[in-house]
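Because the structure is predicted, anything quoted here is derived from the model rather than measured. The sequence lines fix the lettering, A, B, ..., with proteins before strands; numbering per chain opens at 1.
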Protein chains: 2
Amino acid sequence: MSPYDPSAFPPFAVTVDLVVLTVRRHALCALVVRRGEPPFQGRWALPGGFVRDDEDLATAAARELVEETGLCAHDPASPAPGNGAHLEQLATYGDPRRDPRMRVVSVAHLVLAPDLPAPRAGGDANGARWASVTDLLGREDPAGRAGEEAEPLAFDHAVILADGVERARSKIEYSSLATAFCPPEFTVGELRRVYEAVWGVALDPRNFHRKVTGTPGFLVPSGGTTTRQGGRPAQLFRAGGATVLNPPMLRPEV
Amino acid sequence: MSPYDPSAFPPFAVTVDLVVLTVRRHALCALVVRRGEPPFQGRWALPGGFVRDDEDLATAAARELVEETGLCAHDPASPAPGNGAHLEQLATYGDPRRDPRMRVVSVAHLVLAPDLPAPRAGGDANGARWASVTDLLGREDPAGRAGEEAEPLAFDHAVILADGVERARSKIEYSSLATAFCPPEFTVGELRRVYEAVWGVALDPRNFHRKVTGTPGFLVPSGGTTTRQGGRPAQLFRAGGATVLNPPMLRPEV
DNA sequence: ACAAAAGTGTTACAATTACACCCATGC
DNA sequence: GCATGGGTGTAATTGTAACACTTTTGT
């Protein structure tokens, strides 16, 4: 039997699922859509869909992001400075029984977006919302990966979401990725509140300020100031060219 | 059209490809097999194969590892202390034209193994060998991901290999994974030579010794000693229970 | 005796932490 | 004035880098 024989390998459906994270009202939130079809009809799920025949995986993820949420993604592999969100591949999930209909392998992607207005639903989803990840995953239990949630996510999406959150939490330690949660111009305090929300800890504002302003290439002053947080006017910054933080931002012990 | 309709999504072949790394004679080496069939017949490639209908992705990777190399893998997700190698998912590659035969999505896995005897070939590969990654990838050019190699790998395997090497290089910084390159009992000097081979740098033996023996849970003395490296007898250690290194091992600037 | 590798001590430096303290605005 | 958040200064602590130096084997 030759490997050219299509009967030599089983056919799979391949999908992309999206873990879209943002920080809203001091909480890390994920985008979920209400499923309009069985299985898991009416349950919340991660946005996603089938990869098309001629499409790369990252392209499919960016397309689904636009279709289901209206967000515009920016793949860091293609360094065009689109004003879209950060997108990267997360992991692939292929348990034979993860979808009751058929054998589906899902390539999950992670998207980090600034705080945006309520998303619009699209495709076969009849609702979309930002939900706090602590609500979606329940109080994290250290043993398993998915905790007890009030309204469990469809499929294995709780595991995928937990993996995406963990990726985001660890990646902002040693990269400048936290700026992907901020608008184009932001203050040091706003960036600090991103770290605090993602990690769920309180950071010392003075030391944080010294750290981020003292790391070359992390932040570049844009010249302006703002008082939108109250208090003394704060300098506005844009994300600098640096992508790695060395030494890293240290996450305090829990 | 319902999503149950099999014509609603294109069928994919799903494979696993393996980046199997080890340290031999002070060099980081990868396992490659000679392809016995077109396309790329006669060229070196990463071991791999189709995922079966009822198989999880990690299971398929472990099966291919045994079939093509005789190695026994140990998935860290199932903490049975098998004496096998470390196995973890790396990334998924799905460019529509990465395989000229058909649409193939490959879920690459990373395996870290101790220095083992020459592997045996199996399956449809008619040869297998350990090859230095610098030979396989050429002198790394910082711009692209795959350099000029003397004998290029089949498919996009140079990119996959480069990604696997980069994952290994960064992961031994902040985890105890370097011990996966060592036999069950090893000396501090042998562990240091692993770091030096993977990173391609020289480390101070004295500071390295203090660092690894001073990190709780990284190494546990096994009681014995050895002089297999010459010089004064060295204490033998086993890998401790710790999986993360905090603070991390610092990789010197190039 | 000598080479080679293991292991310990010490000093200088880099970075983080935990503060005290001042600055500039809105109310 | 006063609360609020922005920003700078400083001392104690932790960890690393760069050595000198001793220890224990094989030849």
In terms of side-chain heavy atoms, does B:Glu185 have a donor or acceptor partner in B:Ser222 at a distance below 3.5 Å?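 Checked: B:Glu185/B:Ser222 side chains pair up, N/O donor to acceptor below 3.5 Å.
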Decide whether B:Tyr93 and B:Asp17 meet the rule of one side-chain donor and one side-chain acceptor closer than 3.5 Å.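 On atom types as modelled, these side chains do not qualify, holding no pair under 3.5 Å.
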In whole Å, what is the span from the [atom1] atom of [X] to the [atom2] atom of [N]?
X	N	atom1	atom2	answer
B:Met249	D:dG15	CE	P	14 Å
B:Leu191	C:dA6	CG	P	11 Å
B:Leu250	D:dT14	CG	P	18 Å
A:Gln229	C:dC23	CD	P	23 Å
A:Tyr174	C:dA15	OH	P	21 Å
A:Leu245	C:dT16	CG	C1'	15 Å
A:Arg193	D:dT4	CZ	P	13 Å
A:Leu203	D:dG5	CG	C1'	16 Å

Residue [X], side-chain heavy atoms: nucleotide from [options] that is nearest:
X	options	value
A:Gln235	D:dG5, D:dG7, D:dT24	D:dG7
A:Ala234	D:dG6, D:dA17, C:dT16	D:dG6
A:Arg232	D:dG15, D:dG6, C:dT25	D:dG6
A:Val188	D:dT25, D:dG5, D:dG7	D:dG7

Strictly under 6.0 Å, is that where the ring centroids of A:Phe208 and A:Tyr195 end up?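 Yes, the ring centres sit under 6.0 Å apart.
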Quick one: does any side-chain atom of B:Thr215 pair with a main-chain N or O of B:Phe218 as donor and acceptor, under 3.5 Å?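 Checked: no pair found.
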Toward the 5' end of DNA chain C, which comes first, B:Gly189 or A:Pro248, by nearest nucleotide?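 Nearest-nucleotide comparison on DNA chain C picks B:Gly189.
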Ring-face cation contact, B:Trp44 with B:Arg129, 6.0 Å cut, 45° max: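 Geometry flag: set, cation within 6.0 Å and 45°.
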Looking at B:Ala168 and B:Leu110, what are the two nearest heavy atoms and their distance?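 In terms of heavy atoms, the two residues are closest at N-CD2, 4.2 Å.
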Near DNA chain D, which residues from residues 175-187 of chain A have a heavy atom under 4.0 Å away?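 Residues of residues 175-187 of chain A that come under 4.0 Å of DNA chain D do not exist, since none gets that close.
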Does A:Arg228 CZ have over 12 foreign heavy atoms under 6.0 Å away?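 Counting other residues, nucleotides and ligands, CZ of A:Arg228 exceeds 12 neighbours.
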CG on A:Asn207 to CE on A:Met249, rounded to 0.5 Å: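 So the CE of A:Met249 and the CG of A:Asn207 are separated by 11.0 Å.
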Could you give the distance from SG (A:Cys29) to CG (A:Leu116), rounded to the nearest 0.5 Å?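 The distance works out to 12.0 Å.
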Do any of residues 204-228 of chain B sit with a heavy atom less than 4.0 Å from DNA chain C, and if so which?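 Result for residues 204-228 of chain B: B:Arg206, B:His209, B:Arg210, sorted by number.
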